[in-house]
Amino acid sequence: MRRIDMELRVRFAPSPTGPLHIGGARSALFNYLLAQKTDGTFIVRSEDTDRERSSRESEHNILEALRWLGIQWNEGIEVGGEHGPYRQTERLELYRKYTERLLQSGDAYHCYCSEEELEAERQALIAQGETPRYLGKCRNLTTGERARYEAEGRKPVVRFRIPEGEQIVIHDHVRGEVAFESDGMGDFVIVKSDGIPTYNFAVVIDDSTMNITQVIRGEEHLSNTPRQVLIYQALGLKMPEFAHISLILNTEGRKMSKRDGDTAVIDYQKKGYLPEAIVNFIALLGWAPPGEDEFFTLDKLAEAFSLERVSKSPAVFDLNKLNWINAHYMKQAPLERLADLALPHLREAGVLPEGELSPEQREWIKGYVHAILERLDYMAQVREFVHYFVGAEVPEPESAAAADVLRGEQVLSVLSLLADKVETAKDLNGESTKGILKGITKDLKLSGKLVYMPIRVALTGQMHGPELYDIIPLLGRENVLSRIKQTQSRIGNA
RNA sequence: GGCCCGUUGGUCAAGCGGCCUAAGACACCGCCCUUUCACGGCGGUAACGCGGGUUCGAAUCCCGCACGGGUCACCA
């Protein structure tokens, strides 16, 4: 066999009717990984035959999401290649030719049934406890009958003629051999009355003409595969190999749907998750690495990936684990990058102005992110900590216990000494703050607890939180003094 | 409803007939670290859906049942 015959060609073929979902991203990823691993070709095309719901905007969004994740394609939309065009609506002429062949050979025929007629047939079958399907009313129309329908102005669809009594066996790389009987299938529509092919037809022509060697897609396509196989056979086309990967479920064990909250890649991008964390996480849904290691870059994934280790059972999307993985990558990321990521969320929180930032502001963001990094699962959470670090106002003590801390007899002297030291400090930074705090315990001969806790509550209203030597410099001299003053007067009034 | 797929701890999963008195990870709980919390370290609780076979031996193979899911569109 020549090299060219052996080259692996895989594809991701989303329908541009919405954002890229987590499940779609995983399908794309698995295809991409296999192509990378084997030096094959990864193609992205668009299945936009649903004119009602498809949009260029969605297509663009999906492509952007793939790029953001780092999933690159070397052939297809916006990239080009020898097998284009890569949008189904731009390939109509091609489908027409194949339709003609099927019509000629008798493997397909025109059907003039109206929606009402079909619906009535469906209901009747359901009432009899049978599989709702098309029974083949128009299978053998005479020319006269056809002419009469045409005269009525009916626009026909083209249906594929399902052979009787045939068994279709699919060799699936994930599921093994799966057998279907042709008898339960009705003749299905391959070309709609507006001349646009349906998915099951177009996908066959595309995969075939693009020389796809492996079709890796979601399990929801498994039941449709025998229909596609029949078309390959009728047309005498070479069939790709199949691999159907299991679905991703929500916490209730059902297929992830919009109602479960964040199901699109963009949702996570907006919340400030890192793309490498998402990739790592979804790779682990339905695929198990050979060793103990759980952290994989895209390159490492491509090295380690294989269909043999893809599991048959569906996986539940576990946000906890995503968060853990994301936190891991955040701790490794350069502070500059994290600061950029934090920026939009801090703006939204109203603590940073729009427009260009001063170098001091940039430094402040870096300091801030650094101070709270270990408590973050994803970047949008930076908003939850601003009250510690921003503003002249200190929140009321969070609890009775916190209020109690401020009732200690040493508190007022601790606070006024702190105010003195902060006011006179040459430079307020982490180091100098440590010195100040230590100095207070020394000067007043107090235990650490009697110093640190009241200061914490006086400055933040909270019993817990980030290190004081992070809070104080970031808060800034004025805010610290103002917060101290505020607490002092609260104590005085109590 | 017919057809198809699946079923190991709460979750992701290893396991491909003896190495299993079933690995690892997330979550949870406890302890340690930290003059707070978090991070980190150490430890713990927790699973082969049920019933039949096959076999000297089954989480692993076969059959049935149950449960979950997918599909049966002029959606993809």
Side-chain angles (χ1 to χ4, degrees), chain A residues 13-17 47-50 52-54 88 111 113 115 118-119 122 125-134 155-159 170 172 174-176 178-181 183-186 188-200 202-203 217-227 244 246-247 249 251 253-255 281 284-295 308-309 311-325 327 331 372-376 405 437 441 446-453 455-457 460 462-468:
Chain A
S15 136
T17 53
E47 307 209 321
D48 58 348
T49 52
D50 184 346
E52 297 280 294
R53 294 188 297 160
S54 297
Q88 291 185 327
C111 166
C113 293
E115 229 171 282
L118 294 171
E119 187 53 29
R122 214 179 331 240
L125 283 167
I126 291 171
Q128 289 168 46
E130 286 200 57
T131 308
R133 77 204 120 102
Y134 181 70
K155 287 252 178 269
V157 299
V158 179
R159 284 184 188 273
I170 293 154
D172 191 283
V174 172
R175 269 145 234 289
V178 186
F180 296 85
E181 303 297 330
D183 287 350
M185 293 177 222
F188 59 96
V189 174
I190 58 173
V191 181
K192 307 179 218 176
S193 54
D194 61 0
I196 308 287
T198 59
Y199 163 76
N200 277 117
V203 73
R217 67 206 336 180
E219 195 191 342
E220 70 267 27
H221 293 287
L222 182 58
S223 298
N224 277 321
T225 307
R227 283 168 243 275
H244 288 94
S246 59
L247 268 16
L249 272 23
T251 335
R254 276 188 279 272
K255 190 178 169 181
F281 173 65
L284 260 21
L285 287 177
W287 173 78
E292 296 278 84
D293 202 4
E294 297 226 64
F295 294 113
E308 281 101 78
R309 299 192 67 85
S311 79
K312 300 192 222 295
S313 47
V316 173
F317 185 93
D318 182 12
L319 194 59
N320 268 326
K321 187 130 183 183
L322 204 215
N323 284 344
W324 174 72
I325 291 176
K331 283 171 199 154
I372 60 172
L373 185 56
E374 61 199 24
R375 9 185 46 101
L376 296 177
V405 167
L437 296 174
T441 59
L446 287 169
S447 74
K449 198 174 180 185
L450 290 177
V451 173
Y452 284 73
M453 243 334 148
I455 291 179
R456 177 173 292 284
V457 176
T460 71
Q462 310 284 310
M463 300 270 281
H464 314 296
E467 304 288 355
L468 283 175

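In what follows, chains carry the letters A, B, and so on, assigned in the order in which the sequence lines appear, proteins first and then strands, with residues in each chain numbered from 1.
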Touch check for [X], heavy atoms < 4.0 angstrom, all strands: base, sugar-phosphate only, or nothing?
X	result
A:Met453	sugar-phosphate
A:Ala179	sugar-phosphate
A:Ser15	sugar-phosphate
A:Arg456	base
A:Val157	base
A:Gly465	base

Inset, instruction - Mark yes or no: A:Arg159 above the aromatic ring of A:Phe188, with NZ or CZ under 6.0 Å from the six-membered ring centre and no more than 45 degrees from the axis. - result: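 No, a cation-pi geometry is absent between A:Arg159 and A:Phe188.
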In whole Å, what is the span from the [atom1] atom of [X] to the [atom2] atom of [N]?
X	N	atom1	atom2	answer
A:Lys312	B:G70	NZ	C1'	17 Å
A:Asn323	B:C28	CG	C1'	16 Å
A:Asp183	B:C4	CG	P	12 Å
A:Leu125	B:C3	CG	P	15 Å
A:Glu219	B:G69	CD	P	12 Å
A:Arg175	B:C16	CZ	C1'	17 Å
A:Asp172	B:G70	CG	P	18 Å
A:Glu220	B:C72	CD	C1'	15 Å

Inset, instruction - Considering just the side-chain nitrogens and oxygens of A:Thr17, establish if one lies under 4.0 Å of OP1 or OP2 belonging to B:C75. - result: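 So the side-chain polar atoms of A:Thr17 never come under 4.0 Å of the phosphate oxygens OP1 or OP2 of B:C75.
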Taking all non-hydrogen atoms of both residues into account, name the closest pair between [X] and [Y] and its distance.
X	Y	answer
A:Phe281	A:Asp318	CZ-O, 3.5 Å
A:Leu284	A:Pro289	CD1-CD, 3.9 Å
A:His464	A:Arg456	C-NH1, 3.8 Å
A:Asp172	A:Val174	OD1-N, 2.8 Å
A:Cys113	A:Leu118	CB-CD2, 3.8 Å

Legend entry - salt bridge (charged side-chain N to carboxylate O under 4.0 Å, His left out) involving A:Arg122 - partner list, sequence neighbours excluded: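 So A:Arg122 forms a salt bridge (charged side-chain N to carboxylate O under 4.0 Å, His left out) with A:Glu119.
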Inset, instruction - Let me know, please, whether A:Gln88 or A:Leu222 comes out on the 5' side of the other along RNA chain B by nearest nucleotide. - result: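 So the residue in question is A:Leu222.
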Inset, instruction - Would you kindly compare A:Arg227 and A:Asp48 by the position of their nearest RNA chain B nucleotide and give the one closer to the 5′ end? - result: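 Upstream on the strand: A:Arg227.
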Legend entry - Dot-bracket summary - RNA chain B, pairs being Watson-Crick or G-U whose distances fall under 3.5 Å, with | when paired to another strand: ((((((((.[[[..)..(.....]]].(((((.......)))))....[[[[[..)....]]]]])))))))....
Inset, instruction - Sequence neighbours left out, what passes side-chain contact (heavy atoms from CB on, under 4.5 Å) with A:Val405? Give chain and number order. - result: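 Once residues adjacent in sequence are excluded, the partners of A:Val405 under the side-chain contact (heavy atoms from CB on, under 4.5 Å) criterion are A:Met453, A:Pro454, A:Val457, A:Met463.
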Inset, instruction - Measure the spacing between CD1 of A:Ile190 and OG1 of A:Thr198 and express it to the nearest 0.5 Å. - result: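 Answer for the CD1-OG1 pair, A:Ile190 versus A:Thr198, is 7.0 Å.
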Could you work out the separation of [N] and [M] based on their [atom1] atoms and round it to a whole Å?
N	M	atom1	result
B:U60	B:C16	P	12 Å
B:G53	B:C3	C1'	27 Å
B:G6	B:G49	P	14 Å
B:C39	B:C20	C1'	35 Å
B:A58	B:C48	C1'	11 Å
B:C67	B:A27	C1'	25 Å
B:G40	B:C5	P	43 Å
B:U8	B:A14	C1'	10 Å

Legend entry - Check: A:Thr49 side chain, A:Ile196 main-chain N or O, donor-acceptor pair, under 3.5 Å: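 Side chain of A:Thr49 to backbone of A:Ile196, a donor-acceptor pair under 3.5 Å: no, none is there.
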Inset, instruction - Return the nearest nucleotide to the side chain of A:Arg159; candidates are B:C5, B:A76, B:C74. - result: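 The closest nucleotide is B:C74.
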Legend entry - Closest listed nucleotide, where the reference is the side chain of A:Arg122 and the choices are B:U71, B:C74, B:C3: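 Nearest to the side-chain atoms of A:Arg122, counting from C-beta on, is B:C74.
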Legend entry - Pair A:Arg175, A:Ser246: side-chain N/O donor-acceptor within cut-off below 3.5 Å: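 Their side chains do not contain a donor-acceptor pair, so the 3.5 Å distance test is not met.
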At a cut-off of 3.5 Å, list every protein nitrogen or oxygen paired with a nitrogen or oxygen from nucleotides 39-42 of chain B, distance to 0.1 Å.
residue, atom, partner, partner atom, Å
B:C39, O3', A:Lys331, NZ, 3.3

Contacts under 3.5 Å, N or O only, protein and nucleotides 10-14 of chain B:
residue, atom, partner, partner atom, Å
B:C12, OP1, A:Val316, N, 2.9
B:C12, O2', A:Leu284, O, 2.9
B:A13, OP1, A:Gly286, N, 2.5
B:A14, O3', A:Arg309, NH2, 3.4

Answer whether the closest heavy-atom distance between the side chains of [X] and [Y] falls below 4.5 Å.
X	Y	answer
A:Thr460	A:Pro466	no
A:Tyr134	A:Val189	no
A:Pro156	A:Cys111	no
A:Phe180	A:Met185	yes
A:Leu468	A:Ile455	yes

Inset, instruction - Spell out yes or no: do the side chain of A:Ser193 and the base of B:C74 have one donor N/O and one acceptor N/O closer than 3.5 Å? - result: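 Side chain to base: pair found, below 3.5 Å.
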Could you go over nucleotides 31-35 of chain B and give all protein N or O partners under 3.5 Å, atom names and distances?
residue, atom, partner, partner atom, Å
B:U35, O2, A:Lys449, N, 3.4
B:U35, N3, A:Gly448, N, 2.7
B:U35, O4, A:Gly448, N, 3.4

